[in-house]
Amino acid sequence: MTAVTDSTRTIVTGSRTTPRGRRAGSRGREQLISWAFLAPFLVAFALFLVWPIIHGIILSFTDQSLTGAGGAFVGFANYAEALGDPKMWQSMGNTVWFTLLSTVPLVVIALLMAALVDRGIPGQWLWRLSFFMPFLLASTVISQIWVWIFNPQVGAANNILEFFGLEPIAWLQNPDTNMLSIVIATVWWTVGFNFLLYLAAMQNIPPQQYEAASLDGAGAWRQFWSITLPQLGPATVLILILQILASLKLFDQAYQMLGGVASDTTRSIVQYIYEAGFVSYRFGYSAAISYVFFALIVIIGVAQALITRRRKEQF
Amino acid sequence: MSTATTAPTATETITTAATGAPRRTRLPGHKPFGPLRIAAFVVLLLLAVGWLLPFLWAVATAFKTETDAASGDPGWIGASGPTVDAFVAILSQGNVYTWAFNSLWTSAAITLITLAISALAAYALSRLDFTGRRWLFIAIIASIVVPPQVLIIPLFYEMLAFNLIDTYWGLILPQVVAPAMVFILKRFFDAVPIELEDAARVDGAGRFRIFWSIVLPLSRPILASVAIFVFITAWNNFLWPFLVVGDTTLMTLPVGLQTVISAYGVQYAQVMAQAVLAAVPLIVVFLIFQKQIVKGVATSGFGGQ
């Protein structure tokens with residue numbers, strides 16, 4: 001959160017967090033009131049977040065099965081198996097590969113879109129609708145549309161290739177191109193979210209800065225490079241981190257576009273968690289893979305914290 | 001988002017969230033028809049066409065006969081002319097209505113419950129003094145990094161124990177915990193001037209009265225942002241509803257549509273008609289609430305997820 005553009009925040013002075021003028025006798029009462037306010041959230045928080053985190057760790061040390069069988073303590077056996085499981089590493093590799101392939105266009109195209117729309121070109125509602133609308137669609141809907149576009153016989157993707165005199169491709173059916181196909185669909189689907197975040201950051205740049213620059217004779221191009229872009233640094237770091245975390249969670253569209261078929265070239269880590277738990281019924285092993293994945297997320301979270309802290313020290 | 005960089009007593013607050021309003025005035029230094037401006041317009045137009053095309057193709061195919069759709073002819077209108085046969089076939093099946101209704105009301109329920117419990121907790125964290133406040137806040141912030149996907153196994157196990165598999169409650173309850181939204185609301189409440197509350201307290205108003213009749217009305221914009229964000233997330237959620245609901249009549253739209261992809265085989269026009277039908281309500285909602293949605297995503301997007 002702290003990486004939001006400096007211009008988007010206002011320093012509110014004074015600490016208002018401690019109510020003033022409290023009499024000593026009212027302290028116990030305020031405690032009670034506080035917990036009454038907190039109770040509904042805390043019950044849900046404990047039941048559906050804290051306990052599952054703890055229980056997941058417990059399960060990962062057992063051979064619990066979805067069928068109810070098992071449940072014996074097996075020590076680190078699941079983790080040892082996961083770290084020696086080529087399929088686990090393959091799905092981890094696929095996930096990282098997807099993250100690399102998708103993050104770059106999802107940030108660069110979003111920046112391009114926002115920079116162009118921010119120029120105030122007429123037709124604002126149309127640009128926003130075109131770029132952001134796909135984000136509102138359910139993964140199932142976008143999967144259906146793109147499965148049809150990538151259809152090797154009747155799909156539009158091959159029509160376009162033909163138009164440019166290129167050979168048709170089997171897209172989703174071909175292990176060499178199925179991940180690329182998922183990346184293309186994902187960029188189309190979710191770039192609008194980053195586009196809106198960039199647009200919000202750009203609209204917080206005071207117009208006076210552009211006016212001053214224009215008085216100094218700077219054109220639109222110069223203004224973008226010397227005013228807009230430098231001030232997008234913090235927003236870019238944040239969008240990048242959010243995008244990486246989102247891409248690492250790949251499952252819905254990859255699973256659906258391949259019709260639920262497990263492909264060695266597209267199976268993501270979340271899909272492997274799902275397969276281990278709900279196809280092979282191995283809850284204990286699936287929980288262990290979940291925590292290996294969680295460790296990866298935490299490492300990225302810590303890296304983000306370190307980067308944002310270093311940025312703070314620099315300025 | 002961040003765990004370590006946000007002190008619980010943060011004094012900074014986002015007060016000027018992105019308005020989402022288009023720039024009214026042309027930026028200075030631009031000639032109305034300068035070459036750069038024309039180039040920008042052309043690039044923008046190409047991008048917009050590129051982004052609209054997949055959807056337009058889907059619409060065009062939905063209005064074709066199955067024979068035309070399967071012919072591979074790239075024309076916008078099939079050889080047999082436009083037809084609504086595919087839509088009629090989909091709508092006469094009935095399940096689509098059930099799924100859309102399920103999606104609508106479960107998403108609304110998730111949004112209402114999330115908003116209520118998060119706002120109450122955020123108010124206590126922002127304004128009330130109680131033992132362990134600092135640690136509780138740190139715990140809530142830290143939990144933002146936990147991806148829901150990591151918890152599917154223990155959550156499913158829990159639902160089995162509670163007998164909530166294949167029920168609406170099993171679908172709804174695990175989706176109402178949104179620590180990121182508590183964080184966003186807490187930051188907003190921090191910025192509400194305390195003088196307003198002090199005046200009400202002098203008049204003898206209780207904490208809940210103050211929260212309900214002073215703080216909440218002042219927080220309408222942020223509540224709307226959070227509500228929109230939670231609703232879109234719930235509406236489109238696939239993995240959890242897919243795992244917890246197996247009964248066709250309890251399915252949400254994303255899960256229900258997934259089950260018929262294979263059932264329809266090569267009936268492209270019907271599959272596209274289905275996709276278009278599922279997409280149209282959201283497009284209409286977007287056109288009506290464009291400003292609020294843009295603002296909601298920009299505000300809540302920076303805070304959570």
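Numbered from 1 within each chain, the chains take letters A, B, ... in sequence-line order.
Between A/Leu136 and B/Ile283, every side-chain heavy-atom pair lies at or beyond the 4.5 Å cut-off. Between B/Met181 and B/Ile184 the shortest side-chain heavy-atom distance falls below 4.5 Å. Between A/Phe278 and A/Phe283, some side-chain heavy-atom pair lies under the 4.5 Å cut-off. Side-chain contact between B/Met159 and B/Pro174: present, with at least one pair of heavy atoms (C-beta onward) separated by less than 4.5 Å. Using a 4.5 Å cut-off on side-chain heavy atoms (C-beta onward), A/Ile57 and A/Phe294 make no contact. Between A/Val117 and A/Met202, every side-chain heavy-atom pair lies at or beyond the 4.5 Å cut-off.
Residue contact with chain B, scored on non-hydrogen atoms closer than 4.5 Å, is absent for A/Val292. At a 4.5 Å heavy-atom cutoff, the contact between B/Thr61 and chain A is made by side-chain atoms alone. Residue B/Ala116: no heavy atom, backbone or side chain, is found under 4.5 Å from chain A. Contact annotation for B/Phe242: only side-chain heavy atoms (C-beta onward) come within less than 4.5 Å of a heavy atom of chain A. Both the backbone and the side chain of A/Leu137 come within contact range of chain B, with heavy atoms under 4.5 Å apart. Only the side chain of B/Tyr123 comes within contact range of chain A, with at least one heavy atom under 4.5 Å from a heavy atom of that chain. Heavy atoms of A/Phe132 lying under 4.5 Å from chain B belong exclusively to its side chain. Of the two parts of B/Leu243, only the side chain, counted from C-beta on, holds a non-hydrogen atom closer than 4.5 Å to a non-hydrogen atom of chain A. Contacts of A/Gln64 with chain B are made by side-chain atoms alone, with heavy-atom separations under 4.5 Å and no backbone atom involved. With a 4.5 angstrom heavy-atom cutoff, A/Phe251 touches chain B only via side-chain atoms. Using a 4.5 Å cut-off between heavy atoms, A/Leu59 contacts chain B through its side chain alone, with no backbone atom that close. With a 4.5 angstrom heavy-atom cutoff, A/Val191 touches chain B only via side-chain atoms. Only the side chain of A/Leu42 comes within contact range of chain B, with at least one heavy atom under 4.5 Å from a heavy atom of that chain. With a threshold of 4.5 angstrom between heavy atoms, B/Val176 approaches chain A through side-chain atoms but not through N, CA, C or O. Contacts between A/Ile145 and chain B at a heavy-atom distance below 4.5 Å involve backbone atoms as well as side-chain atoms. Looking at B/Leu282, the atoms closer than 4.5 Å to chain A (heavy atoms on both sides) sit in the backbone and in the side chain alike. Only the side chain of B/Val182 comes within less than 4.5 Å of a heavy atom in chain A; its backbone stays farther off. In this structure, no portion of A/Asn158 lies under 4.5 Å from any heavy atom of chain B. Both the backbone and the side chain of B/Ile140 come within contact range of chain A, with heavy atoms under 4.5 Å apart. Using a 4.5 Å cut-off between heavy atoms, B/Phe208 touches chain A through backbone and side chain atoms alike.
For chain B, the option among A/Tyr255, A/Trp127, A/Phe45, A/Phe293 with the highest count of heavy-atom pairs below 4.5 Å is A/Trp127. Between chain B and the options A/Ala156, A/Ala287, A/Gly277, the largest number of non-hydrogen pairs under 4.5 Å is found for A/Ala156. By number of non-hydrogen pairs under 4.5 angstrom with chain B, the leading residue of A/Trp125, A/Trp35, A/Phe131 is A/Phe131. Between chain B and the residues A/Ile109, A/Leu126, A/Val154, A/Ile273, the most heavy-atom pairs under 4.5 angstrom are made by A/Val154. Note on B/Ile232, B/Ile293, B/Leu239: by heavy-atom pairs under 4.5 Å with chain A, the leading option is B/Leu239. Chain B forms more heavy-atom pairs under 4.5 Å with one residue of A/Leu112, A/Ile58, A/Ile269, A/Asn151 than with any other, namely A/Asn151. Chain A forms the most heavy-atom pairs under 4.5 Å with one residue out of B/Val146, B/Asn236, B/Val285, and that residue is B/Asn236. The most heavy-atom pairs under 4.5 Å with chain A, out of B/Leu253, B/Leu136, B/Val255, B/Leu160, come from B/Leu136. By number of non-hydrogen pairs under 4.5 angstrom with chain A, the leading residue of B/Trp235, B/Phe41, B/Phe156 is B/Phe156. Heavy-atom pairs under 4.5 Å with chain B peak, among A/Val141, A/Ile142, A/Ile33, A/Asp252, at A/Asp252. Interface remark: of the candidates B/Gly50, B/Pro147, B/Ala124, B/Pro147 forms the most heavy-atom pairs closer than 4.5 Å to chain A. For the set B/Ala58, B/Ala279, B/Pro254, the entry with the most heavy-atom pairs within less than 4.5 Å of chain A is B/Pro254.
A distance of 8.0 Å separates CD in A/Gln271 from CG in A/Leu250, rounded to the nearest 0.5 Å. Separation of atoms CD (B/Gln258) and CD (A/Gln256) is listed at 4.5 Å; rounding is to 0.5 Å.
In summary, B/Arg207 and B/Glu197 engage in a salt bridge, as defined by a charged side-chain N under 4.0 Å from a carboxylate O. With salt bridges taken as basic N to acidic carboxylate O contacts below 4.0 Å, one links B/Asp190 and B/Lys186.
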May I have the step-by-step check of side-chain contact (heavy atoms from CB on, under 4.5 Å) for B/Val59 and B/Phe55, ending in yes or no? CA-CA 6 Å; B/Val59 174; B/Phe55 194 70; 4.0 Å; yes
Check the pair A/Phe48 / B/Glu158 against side-chain contact (heavy atoms from CB on, under 4.5 Å), numbers first and verdict last. CA-CA 9 Å; A/Phe48 305 117; B/Glu158 190 175 328; 3.8 Å; yes
Should B/Thr131 and A/Gln31 be marked as a side chain to side chain donor-acceptor pair (under 3.5 Å) after you check the CA-CA gap, both sets of side-chain angles, and the distance that decides it? CA-CA 7 Å; B/Thr131 321; A/Gln31 294 269 356; 2.8 Å; yes
Residue pair A/Met113, A/Tyr198: steps toward the side-chain contact (heavy atoms from CB on, under 4.5 Å) verdict: CA-CA 9 Å; A/Met113 285 171 167; A/Tyr198 262 129; over 6 Å; no
I would like to know whether A/Glu30 and B/Phe130 meet side-chain contact (heavy atoms from CB on, under 4.5 Å); could you show each step before the answer? CA-CA 7 Å; A/Glu30 180 146 329; B/Phe130 57 93; over 6 Å; no
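Aromatic ring orientation, B/Phe189 versus B/Phe211: perpendicular (interplanar angle above 60°, classes split at 30° and 60°).
Outside the 6.0 Å centre-distance limit, the rings of A/Trp146 and A/Trp189 are not counted as a close aromatic pair.
Between the side chain of B/Arg133 and the backbone N or O of B/Leu128 there is at least one donor-acceptor pair closer than 3.5 Å.
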